[in-house]
Novice: 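Okay, here's the structure, questions in a sec.
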Amino acid sequence: MSLNNDKIDELFKKHPKLDVTYTYGTAGFRTKGEVLDSVMFSVGLLAVLRSQKHSGKVIGAMVTASHNPAEDNGVKLVEPMGEMLAQSWESYATELANAGTTEELLKALNNVIAKESIDLSQPAKVVVGRDTRPSGEGLVAALSDGVKALGGTITDYGLMTTPQLHYITRCLNTQGAYGEPTEEGYYKKLAEAFKRIVTGKVKQSTLYIDGANGIGAPTLQKLAKFIPEEILSVKVVNDDTATASKLNLKSGADFVKVGQKKPDGFDLQPGMRCASLDGDADRIVFWYLNKEGTFKLLDGDKIATLAAGFIMGLVKAAKVPNIQVGLVQTAYANGSATAYVKDTLQVPVVFTATGVKHLHHAAEEFDVGVYFEANGHGTVLFSPGAIKAFHSTQGTTDEEKKALETLRALTDLINQTVGDALSDMLMVEAILVSQQRSYADWDSAYSDLPSRLEKVKVSNRLEFVAIKADTELSKPDGLQQKINQQMSKFKNGRSFVRPSGTEDVVRVYAEADTQANADLLAHIVCGIIFDYHGGVGERPRAFQKVDKEGNTTA
Ligand code: 16G
Ligand code: MG
């Protein structure tokens, strides 16, 4: 079989490429919604080839720009078992998206077909979902045209969270073994598993969830209907999805994590238990006011340590042999969190580069792999062997049986495809209920080292090459030595620099013994980058000036 060139030409003409260069980045394509029409068409084409490569298995496409403002949009492809698109295909996505004429497009398509030995006679199935952005509907139509241009079939699931789309993709490809491939199937699976863990235990106070005025808000409201009020009470705040401009505006997980402050819409009082989702509900961070009235954040590191500690305890109590629990972090993990995991929990820690796909694959190496980015994206993966062991181990005492039942329920409760804010919310709640623990008690496991995250605009961020799981730079020459020199001047000083995968900036992270020192270290490193490595635009006043010997100057 060969491509239907006329059909491709006819449909491509409906979605002409603009004079923009596109890149499939850390989490797919992401930019202004108004320039994405042709990109969506090209992603539809690629999804068909990917499905054919997998002998007709269903490929997912999620139209979202996560925590970005409402005018942005994006798309990412999902593999049959619910993981992110294989990295080796990202460059094909970029090539197809940048083809300006039908001729170029056919050339790019034939290149993928030849290199990947695609059998065009295979069937191709694609499922698509989208978040609440106004541009979403039109973009789904463009993607759909791409699928049709190559003769594939597409099912539009409409509005849903990113993790729901990943869930559905996996359900469809496992003939329902992972769950019912419907929105309701998702709610039922989570709600049932949650009930199995908490029923009969003392309920906690109301959870106030910041929905970032995005798709997570109505989704959580629907999920809550499947969980009796006697075991969980949730109140969704920032649930205005009708006013597009409010999406992620002064709200959501990213706003709270970066700014270390509460979102709009909350009259926050000590004792209230709160959390924030992001715009597509694949991230969550928890937060509260402590007794002194100070805002306190329980981020991805805190979620990971809570989960790892709880699961380790269960595995021990259930006497399941040979289960290795491991934790995966990125360079953004707070130094105190890493120390706590190694020294107190005594769990092995692996570091990967930033981006969910890297963490996910590293977590698969463990029987129970807990992975979270500090920003709140993460999940816990159970290997097939671990799931089997939890079911085949019988347990003799009541305590053993109870622990086994909780472990089994956790394998259903925790989304196995990708980080899922709603599943993570229920996981955390199930743990806190089981341990009868308050946020403050959870928080007291360790104290974060003060940290600062900054960004610097530079003329070419691709001149910055991060190595060793983003902890060091190999390029530009000499910069890493300068950073090392500055770090050594601060107690507990640690700083690293990496080019962003989602924004045209380089990011600078620093931590140290005090907030003032963390800020200073970050601003020194920012100053060095800005002054010696291509800073552009107005020089932020906070950036420190440093001479060639590395001494700060006024
Ligand atoms: C994307 C990634 C996230 C990562 C972030 C880093 C996925 C689904 N999301 O949002 O994991 O933390 O990018 O952004 O992979 P940056 O490269 O701009 O710092
Ligand atoms: Mg997100």
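When a ligand or atom number is given, it counts from 1 through the structure's own listing order.
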Novice: Which single N/O/S atom of Asp282 lies at minimum distance from the Mg ion (ligand 2)?
Specialist: OD1
Novice: Examine Asn375 against ligand 1 and note whether any of their N/O atoms are separated by less than 3.5 Å.
Specialist: yes
Novice: So, of the N/O/S atoms that Asp280 has, which is the nearest one to the Mg ion (ligand 2)?
Specialist: OD1
Novice: Measuring to the Mg ion (ligand 2), does Ser66 have an N/O/S atom at a distance below 2.8 Å?
Specialist: yes
Novice: Taking N or O atoms only and a 3.5 Å limit, does His377 qualify as a polar contact for ligand 1?
Specialist: no
Novice: Is the closest heavy atom of Arg498 to ligand 1 under 4.0 Å?
Specialist: yes
Novice: What part of Arg283, side chain, backbone, both or neither, has a heavy atom within less than 4.0 angstrom of ligand 1?
Specialist: side chain
Novice: Between Lys257 and Glu373, is there a side-chain N and carboxylate O pair less than 4.0 Å apart?
Specialist: no
Novice: Checking one value in my table: which N/O/S atom of Asp278 lies closest to the Mg ion (ligand 2)?
Specialist: OD2
Novice: Against the six-membered ring of Tyr446, is Lys302 placed for a cation-pi contact (under 6.0 Å from the centre, within 45° of the normal)?
Specialist: yes
Novice: Strictly below 4.0 Å, N to O, side chains only: are Asp504 and Arg461 in salt-bridge contact?
Specialist: yes
Novice: For atom 11 (O) of ligand 1, what is the nearest protein heavy atom, given as residue, atom name and distance?
Specialist: Glu373 OE1, 2.5 Å
